[in-house]
J.: 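Pasting in a structure now, in structure tokens, and then I'll have a few things to ask.
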Amino acid sequence: MIVAYGFANLLQSVAAARTTVHHTFDPGLLLRLASHRTYLVGLSCQVVGFVLAFLARRDLPLFLVQASVAAGLGVTAVLGVLVLKWRLPAAEVGLLVLLFGGITALVLAAQPAPSRQLGTAGLVGLVAALGVIAVLGFFAARLHGAPGSVALGSLAGMAFSAAAVAARPLASADSAEAFVRDPLLYLLIAHSVVGQLLLGLAMQRGSTTAAVAAMDAAGAVPAAIIGLLLLNDRIWPGREWLAGVGFLATLAAVVGLTRYAEPQHHHAVAREREPSMIRAGSAVRARR
């Protein structure tokens, strides 16, 4: 799951940087991104990660699963070094170690247990959340630069967080018929599509760092709280401190890793664009 999300982060951010920037909450962006083979491969990796995360949510608490999803950025950093020749500063090595330690602490603290059902109030809350996120996304899409990345990334994280909340009880469906008839399935799909659109818009705003950090923080924290309060997520008695330390360490490592990944990512994209720009300029001069 972590590896799949790591590949997805890298490939989708590269594709988003190569796509014309959208300044409206336009679902057409997803169609434009889908024209890039890189994005489709990244989306396939994300689907694989999503399926594995969905299966994990059947018995594992959301604070562990969501932190593991966010930890995919650690894999992104390693892939950046191996594939895109990013540099690996000593600080980034330390953050990777912190990330591994945080996930290990969460694994030791999490107590497997089936989910409690949300009920009618929970369904209404997810529907309301979808409407609020979509409306806020409509206005946030008009923002530029880092503020736009933060706003859109945060909203994407909230949408993915709501999808995770829907997935936890849905994963406990006792038959295929019950699974298909459960309204949580369609709320999960709706929140995931909205989150994917918002993430694409956020990654176009020039700061992958801000987008990913905001998404991870906004996606992990609400789901963890709701899981503990409403969905029967459990921590082994006496290990509450370990869960808290592990969760904070994981988030801190993820936010720190985006600081190193983003500038190198944009430099790599710029180097790929430069030859095509030079060729285009030469063609214009030749026509003159």
J.: State, yes or no, whether a side-chain contact exists between Q111 and R239 at a heavy-atom distance under 4.5 Å.
T.: no
J.: Does any non-hydrogen side-chain atom of F247 lie less than 4.5 Å from one of V221?
T.: yes
J.: Hey, are the side chains of F160 and M215 touching, using non-hydrogen atoms and a 4.5 Å cut-off?
T.: yes
J.: Is there a donor-acceptor pair closer than 3.5 Å between any side-chain N or O of H191 and the backbone N or O of A166?
T.: no
J.: Mind listing the closest non-hydrogen atom pair of L251 and A220 along with its distance?
T.: CD2-CB, 4.1 Å
J.: Step through the shown structure and confirm whether more than 12 heavy atoms of other residues, nucleotides or ligands are within 6.0 Å of CZ on F100.
T.: no
J.: Looking only at heavy atoms, what is the nearest atom pair of A56 and V65, with distance?
T.: CB-CG2, 4.1 Å
J.: For residues 176-183, run the donor-acceptor check on the side chains, cut-off 3.5 Å, and write out each pair with its distance to 0.1 Å, sequence neighbours left out.
T.:
from, atom 1, to, atom 2, distance (Å)
E177, OE2, R181, NH1, 3.3
D182, OD1, L184, N, 2.9

J.: How far apart are the closest heavy atoms of V48 and A4, and which atoms are they?
T.: CG1-CB, 4.3 Å
J.: With rounding to the nearest 0.5 Å, note down the distance linking CZ in R234 to CG in L228.
T.: 11.5 Å
J.: Hey, what do you get for CD1 (I133) to CG (L136), rounding to the nearest 0.5 Å?
T.: 8.0 Å
J.: With rounding to the nearest 0.5 angstrom, report the CG to CG distance, L118 to L231.
T.: 5.0 Å
J.: With rounding to the nearest 0.5 Å, note down the distance linking CG in L99 to OG1 in T104.
T.: 9.0 Å
J.: Is there a chain of hydrophobic side chains (I, L, V, M, F, W, Y, each step under 4.5 Å between heavy atoms) that links L187 to L185?
T.: yes
J.: Just to verify, what does E240 make a side-chain contact (heavy atoms from CB on, under 4.5 Å) with, not counting sequence neighbours?
T.: I235
J.: Taking the side chain as everything from C-beta on, heavy atoms only, tell me whether L242 gets closer than 4.5 Å to L106.
T.: no
J.: Can a donor-acceptor pair be found, under 3.5 Å and without considering hydrogens, that links the side chain of R58 to the backbone of A171?
T.: yes
J.: Mind checking whether L130 and L201 sit in one hydrophobic cluster, side chains of I, L, V, M, F, W, Y counted as touching below 4.5 Å?
T.: yes
J.: CG/L62 to OG/S68 distance, rounded to the nearest 0.5 angstrom?
T.: 11.0 Å
J.: Do L170 and V193 share a hydrophobic cluster, counting only Ile, Leu, Val, Met, Phe, Trp and Tyr and linking them when any side-chain heavy atoms are less than 4.5 Å apart?
T.: yes
J.: Is there a continuous path of hydrophobic side-chain contacts, each under 4.5 Å between heavy atoms, that joins V124 to L229?
T.: no
J.: Check whether any side-chain heavy atom of S115 sits under 4.5 Å from a side-chain heavy atom of N232, and report yes or no.
T.: no
J.: If every non-hydrogen atom of P112 is compared with every non-hydrogen atom of W236, which pair is closest and at what distance?
T.: CD-CZ2, 4.2 Å
J.: Taking all non-hydrogen atoms of both residues into account, name the closest pair between L143 and G148 and its distance.
T.: CB-CA, 3.6 Å
J.: Between the side chains of Q66 and R57, is a donor N or O closer than 3.5 angstrom to an acceptor N or O?
T.: yes
J.: Would you give the length of the straight line joining atom CG of L198 to atom CG of L155, rounded to the nearest 0.5 angstrom?
T.: 5.5 Å
J.: If you look at every heavy atom in G219 and A223, which pair is closest and at what distance?
T.: O-CB, 3.7 Å
J.: Spell out, yes or no, whether L64 and I225 are grouped together once hydrophobic residues are joined by side-chain heavy atoms under 4.5 Å, including indirect joins.
T.: yes
J.: Under a 3.5 Å distance rule, please check whether S161 uses its side chain to pair with a backbone N or O of G157 as donor and acceptor.
T.: no
J.: Do D233 and I226 touch side chain to side chain, with heavy atoms closer than 4.5 Å?
T.: no
J.: If only atom types and distance count, is the side chain of S149 paired as donor or acceptor with the main-chain N or O of A202 below 3.5 Å?
T.: yes
